[in-house]
Amino acid sequence: MRMMMRIQMDTERASKGIADGSLPRGMERMMEALHPEAAYFSLLDGNRTAFIVFDMTDSWQLPPTLEPLFSELNAKIDVSPAMNVDDLKKGLSALSS
């Protein structure tokens, strides 16, 4: 199932992770594990924020992906199902059947 994850990083911990190299290494490990469809990095509410779209084949994938973000970055994380335009069309057409 396609999922969208929003990661808001604690500024102090993220800055430390940039300085010591752990943040880019951690992001690289996460990208290798999730093979995201898309990954965007921006600011939200004044915090460094990542938006990652990935296919979650099973719920067991969440703990090993999320725990380093919690413990190393004191991150606030939201994960929710997401649809692309084709998925939305399919879902809406099922309503009219």
Side chain to side chain contact (heavy atoms under 4.5 Å, CB included) with Ile7: of Asn47, Ile52, Thr49, only one passes, and it is Ile52
Pairs under 3.5 angstrom only: tabulate donor-acceptor contacts from the side chains of residues 16-24 to other protein residues two or more places apart or in another chain.
from: Asp20; atom 1: OD1; to: Ser22; atom 2: N; distance (Å): 2.8
from: Asp20; atom 1: OD1; to: Ser22; atom 2: OG; distance (Å): 2.7

Do Leu95 and Leu92 come close enough that some side-chain heavy atom pair is under 4.5 Å? yes
What distance do Lys89 atom NZ and Met83 atom CE have between them, rounded to the nearest 0.5 Å? 13.0 Å
CE/Met31: more than 12 non-hydrogen atoms of other groups inside 6.0 Å: yes
same_hphob_cluster(Val79, Phe70) at 4.5 Å side-chain heavy-atom cutoff: yes
Establish whether Met27 and Met5 are linked, either directly or via other cluster members, by ILVMFWY side-chain heavy-atom contacts under 4.5 Å. yes
Identify all side-chain donor-acceptor contacts of residues 32-46 below 3.5 Å with residues at least two apart in sequence or on another chain.
from: His35; atom 1: NE2; to: Glu32; atom 2: O; distance (Å): 3.1
from: Glu37; atom 1: OE1; to: Arg2; atom 2: NE; distance (Å): 2.9
from: Glu37; atom 1: OE1; to: Arg2; atom 2: NH2; distance (Å): 3.4

Does Met9 reach the side chain of Asn74, with side-chain heavy atoms less than 4.5 Å apart? no
Looking at residues at least two apart in the chain, or sitting in another chain, which of them share a salt bridge (charged side-chain N to carboxylate O under 4.0 Å, His left out) with Arg6? Asp78
Working to the nearest 0.5 Å, report the span between CG of Leu73 and CZ of Arg13. 8.0 Å
Here the gap from Phe54 atom CZ to Met30 atom CE, rounded to the nearest 0.5 Å, amounts to 9.0 Å
What distance do Met56 atom CE and Met3 atom CE have between them, rounded to the nearest 0.5 Å? 4.0 Å
Is the backbone N or O of Glu12 less than 3.5 Å from a side-chain atom of Ser15, with the two atoms forming a donor-acceptor pair by type? no
